[in-house]
Amino acid sequence: MRGISLLMYHQVGKFPPMRSHRATYCDVDRFRRQMAWLRAFRYHVLDMDQVAACLSGARPVPPRAVALTFDDGYENFLTHAAPILERHGFPAIVYVVPTLLGRPARWLAADGHATPRLMDAGQLRELQARGFTIGSHNLVHERMAGQPPEVQYQTARDSKARLEDLLGRPCHHFCYPYGSHDAASLQALARAGYRTGVTCQRATATADFDPLALPRKAVSFGDSLAGVLWKLHAKHRPKRPPLRR
Ligand SMILES: [Zn+2]
């Protein structure tokens, strides 16, 4: 069965050298080379509506199918990633936390990271006008697994409503903060009306996965181009069996 590699990025920019692999940073020059590679070798870069349609069988999965996802909504998406994506005409989704727009990403401080600024509402409207999709990263940047089902439902629903008010467009796509989800999370997203939900499990997304718990492949600071290609083409069986409704 053909699948889709959903690449997961967080920050794109210029960062001091790091010793560890750091899945939440990507050097902008490496990012430029990764996108040029996708272009040169004619990967099919899909938006998340197309991902949902392909995995439901409504349309065929094209060969070399990829989707580009960016968590948290850092301002450096606007300054570094967006112009490169636009040069190639690649769609992408940015998952944002509607209660934290325009604020520093404080949750990163707990792990000793800097706390860069998150995009504000005006910047998100600008991105949307430029053709990018904005998805929900829930109401607050906290783990969902283990929270009462009703709380999970309310936060998923309220984050969707807030983004729809702010951007004047339906919000169909969700990203679990820290990838944290349980069976109740999938039910919460279904009830709130989302079409897709993405996790941090590493695998190629296929119709075997519930569309509300799609796996992704993190691109890390330490990944060379060869490393990214390996991630793109390896199937990566998930460590835990994926949840389904
Ligand atoms: Zn996040």
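Counting starts at 1 for both ligands and their atoms, in listed order. The figures that follow rest on heavy atoms only: side chains count, while hydrogens, waters and symmetry mates do not. Since the model is a prediction, treat every value here as computed from it, not as a measurement.
In terms of heavy atoms, Phe90 sits closest to Met35 at CE1-O, 3.5 Å.
Here Asp71 fails the criterion, with no N, O or S atom under 2.8 Å of the Zn ion (ligand 1).
Restricting Asp72 to its N, O or S atoms, the one at the least distance from the Zn ion (ligand 1) is OD1.
Draw a line from the Zn ion (ligand 1) to NE2 of His141 and another to NE2 of His137, and the angle between them is 100° (to 10°).
Between the side chain of Asp111 and the main chain of Leu108, no donor-acceptor pair closer than 3.5 Å is present.
Contact check on Asp208 versus Arg244 returns no salt bridge, with no Lys/Arg side-chain nitrogen under 4.0 Å from an Asp/Glu carboxylate oxygen.
Put simply, the residue from Tyr25, Phe31, Tyr74 that forms a ring pair (Phe, Tyr, Trp, His ring centres under 6.0 Å) with Phe15 is Tyr25.
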